[in-house]
Protein chains: 2
Amino acid sequence: MKLNTKGRYAVMAMADIAKCGLGGAPSKAVPMAQIAERQHISLPYLEQLFSKLRREGLVSSMRGPGGGYTLARPASQIYIGEIMQAVGEPVKMTRCNREKNESTGCIGGGDCNTHELWSALSDHIYNFLGSISLQDVIDKNVGSFGSLTSNLRAVNEKTGPEAIEEAI
Amino acid sequence: MKLNTKGRYAVMAMADIAKCGLGGAPSKAVPMAQIAERQHISLPYLEQLFSKLRREGLVSSMRGPGGGYTLARPASQIYIGEIMQAVGEPVKMTRCNREKNESTGCIGGGDCNTHELWSALSDHIYNFLGSISLQDVIDKNVGSFGSLTSNLRAVNEKTGPEAIEEAI
DNA sequence: TAAATACTTGACTGCTGTAGTCAGGAATTA
DNA sequence: TAATTCCTGACTACAGCAGTCAAGTATTTA
Ligand code: FES
Ligand code: FES
């Protein structure tokens with residue numbers, strides 16, 4: 001259950017544009033080469049991602065000298081969930097593709113024991129990512145959801161404090 | 001951002017024991033071979049997982065004929081987060097290991113743009129999994145957190161209903 | 001028009017980590 | 001002793017991720 005670079009880099013790049021494109025009155029275009037350098041991302045790899053972001057209408061591009069990328073909408077109206085979806089970062093905890101007849105993963109036919117659980121978890125993540133805007137991210141305004149619950153605190157007492165460290 | 005089989009199988013197996021071990025007064029031991037068959041999991045692979053579950057004190061084992069596994073605590077006192085942690089399913093959206101000097105991933109030194117976001121997401125998932133017990137799972141009592149938020153509903157209007165389908 | 005800048009696209013590849021296998025051993029019951 | 005079940009570590013194939021490469025197209029400046 002790890003986030004891969006596609007989703008991570010896409011959000012990092014979008015945040016970079018939101019932050020660095022505030023020059024002129026019509027927000028300044030940010031060249032991809034600068035993004036790649038600032039965020040330490042390989043340029044050709046970024047190009048792949050932006051191709052998708054553009055296709056989904058999240059960014060606008062301008063070519064030629066002085067060109068670059070701008071956000072298609074204000075940062076407060078672009079949600080992280082959209083970015084993830086645009087670049088094809090899957091947020092899917094279930095492994096049953098009943099419609100596609102993939103026999104990979106779960107028991108064919110009926111639901112497995114835990115289908116409801118993973119489905120609820122997917123929703124949970126989906127809701128979270130859909131509720132946070134790019135503006136929230138650059139403002140570091142992601143809302144701490146309190147500390148760990150008492151349930152997990154009990155767990156951590158057993159496994160030691162590095163478990164908490166790990167979650168941060 | 002997918003759940004891998006380690007975590008999934010571990011929870012499936014634990015749920016299986018909770019469901020099928022209700023025979024005698026001291027709950028009946030469930031042999032691993034039965035779990036493997038019912039849940040369609042390779043037996044040697046399951047053995048790996050149970051080795052960890054036992055080491056973390058989530059299950060008790062009895063060898064010999066008539067032996068098998070039982071839950072170490074009542075199902076209502078075992079939380080999904082514990083199971084995940086026991087088998088080493090990482091729930092970590094950040095990619096910065098500052099303490100371990102891994103230069104992999106994020107920009108060394110300061111935080112990247114999005115550290116707070118991924119950190120908050122990790123917490124969010126962590127809290128969720130820590131709040132659901134094994135009993136909740138077998139009762140299908142995972143609590144629907146409502147449907148998608150209004151934010152994401154706007155997204156889905158654009159990308160079509162299969163996006164919703166995908167999230168289920 | 002020519003040169004410079006920057007975006008666009010598709011195909012290709014190395015490699016890490018996941019998922020799963022295999023063989024042998026130890027405890028318990030009958 | 002024989003049968004059943006758990007226990008352990010080392011080993012491997014392969015999908016999918018992360019990243020590269022190369023050639024092409026569009027726009028602006030001079
Ligand atoms: S996750 Fe859907 S049937 Fe197993
Ligand atoms: S995720 Fe922690 S610094 Fe990037």
Side-chain angles (χ1 to χ4, degrees), chain A residues 1-10 12-13 17 21 28-37 39-70 72 84 87-90 92 95 97 102-106, chain B residues 1-10 12-13 17 21 28-37 39-70 72 84 87-90 92 95 97 102-106:
Chain A
M1 199 166 168
K2 278 183 283 188
L3 184 65
N4 53 26
T5 55
K6 248 193 294 191
R8 163 175 288 109
Y9 288 172
M12 283 170 73
I17 296 177
K28 198 174 52 179
V30 181
M32 195 158 45
Q34 284 182 25
I35 304 176
E37 191 187 5
Q39 305 299 324
H40 299 87
I41 303 174
S42 129
L43 180 58
Y45 193 43
L46 249 193
E47 280 172 342
Q48 278 185 28
L49 301 179
F50 270 83
S51 156
K52 291 178 185 166
L53 291 174
R54 214 185 71 83
R55 215 175 304 151
E56 296 293 324
L58 292 179
V59 294
S60 312
S61 60
M62 293 164 55
R63 305 202 205 201
Y69 283 98
T70 54
M84 300 291 242
V87 296
E89 169 87 58
K92 195 177 190 178
R95 191 168 279 206
N97 268 355
E102 283 186 24
S103 66
T104 330
C106 278
Chain B
M1 199 168 165
K2 279 183 282 189
L3 185 65
N4 53 24
T5 56
K6 249 193 294 191
R8 163 176 287 110
Y9 288 172
M12 283 170 73
I17 295 178
K28 198 174 52 179
V30 182
M32 195 160 44
Q34 284 182 26
I35 303 176
E37 191 186 6
Q39 305 299 324
H40 300 88
I41 302 175
S42 130
L43 179 59
Y45 192 44
L46 248 193
E47 280 171 342
Q48 279 184 28
L49 301 179
F50 270 84
S51 157
K52 292 178 185 167
L53 291 174
R54 212 185 71 82
R55 216 174 302 153
E56 296 293 323
L58 292 179
V59 294
S60 311
S61 61
M62 295 163 55
R63 303 201 209 199
Y69 284 98
T70 55
M84 300 291 242
V87 296
E89 169 87 58
K92 196 176 189 176
R95 190 168 280 205
N97 268 356
E102 282 186 25
S103 66
T104 329
C106 278

Within-4.5 Å side-chain heavy-atom neighbours: Leu46(A) and Met12(A): no
For the student: nearest non-hydrogen atoms of Ala10(B) and Val87(B), plus distance: CB-CG1, 3.6 Å
Heavy-atom closest pair, residues Ala72(A) and Gly57(A): CB-O, 3.4 Å
For atom NZ of Lys52(A) and atom C1' of dA18(D), their distance in whole Å: 12 Å
B/S/- contact track for nucleotides 13-18 of chain C, protein heavy atom under 4.0 Å: -----S
Between protein and nucleic acid, restricted to nucleotides 5-10 of chain C and to nitrogen or oxygen atoms under 3.5 Å apart, what atom pairs and distances do you find?
unit_1	atom_1	unit_2	atom_2	d
dC7(C)	OP1	Met32(A)	N	3.4
dT8(C)	OP1	Arg54(A)	NE	2.9
dT8(C)	OP2	Tyr69(A)	OH	2.6

Rounded distance (Å) that lies between atom C1' of dA19(C) and atom NE2 of His40(B): 18 Å
Non-neighbouring partners of Glu47(A) that pass side-chain contact (heavy atoms from CB on, under 4.5 Å), sequence neighbours left out: Met32(A), Leu43(A), Pro44(A)
Gap between atoms CD and C1', on Glu89(A) and dC17(D) respectively (whole Å): 11 Å
Contacts of type side chain to side chain donor-acceptor pair (under 3.5 Å), residue Ser51(A), not counting sequence neighbours: Arg55(A)
Difference in axis direction between the ends of the helix from dT1(C)-dA30(D) to dA30(C)-dT1(D), five pairs, 10°: 10°
Atom pair distance, as rounded to whole Å: CG in Leu46(B) and P in dC22(C): 16 Å
Under the side chain to side chain donor-acceptor pair (under 3.5 Å) test, residues paired with Ser61(B) that sit two or more places apart: none
Over all atoms of both residues, closest heavy-atom pair of Met84(A) and Gly7(A): SD-CA, 3.8 Å
Nearest heavy-atom neighbours spanning Ala29(A) and Gly66(A): CB-O, 4.2 Å
Residue pair Arg95(A), Thr5(B): steps toward the side chain to side chain contact (heavy atoms under 4.5 Å, CB included) verdict: CA-CA 9 Å; Arg95(A) 191 168 279 206; Thr5(B) 56; 3.3 Å; yes
Minimum side-chain heavy-atom gap Ile35(A)-Phe50(A) below 4.5 Å: yes
Lys6(A): side-chain contact (heavy atoms from CB on, under 4.5 Å) partners, not counting sequence neighbours: Asn4(A), Tyr45(A), Leu49(A), Lys52(A), Glu89(A)
Euclidean distance, atom CG of residue Leu49(B) to atom P of dG9(D) [Å, nearest integer]: 15 Å
Integer-rounded Å distance: dG19(D) C1' and Tyr9(A) OH: 9 Å
Euclidean distance, atom CD1 of residue Ile35(B) to atom P of dC7(D) [Å, nearest integer]: 11 Å
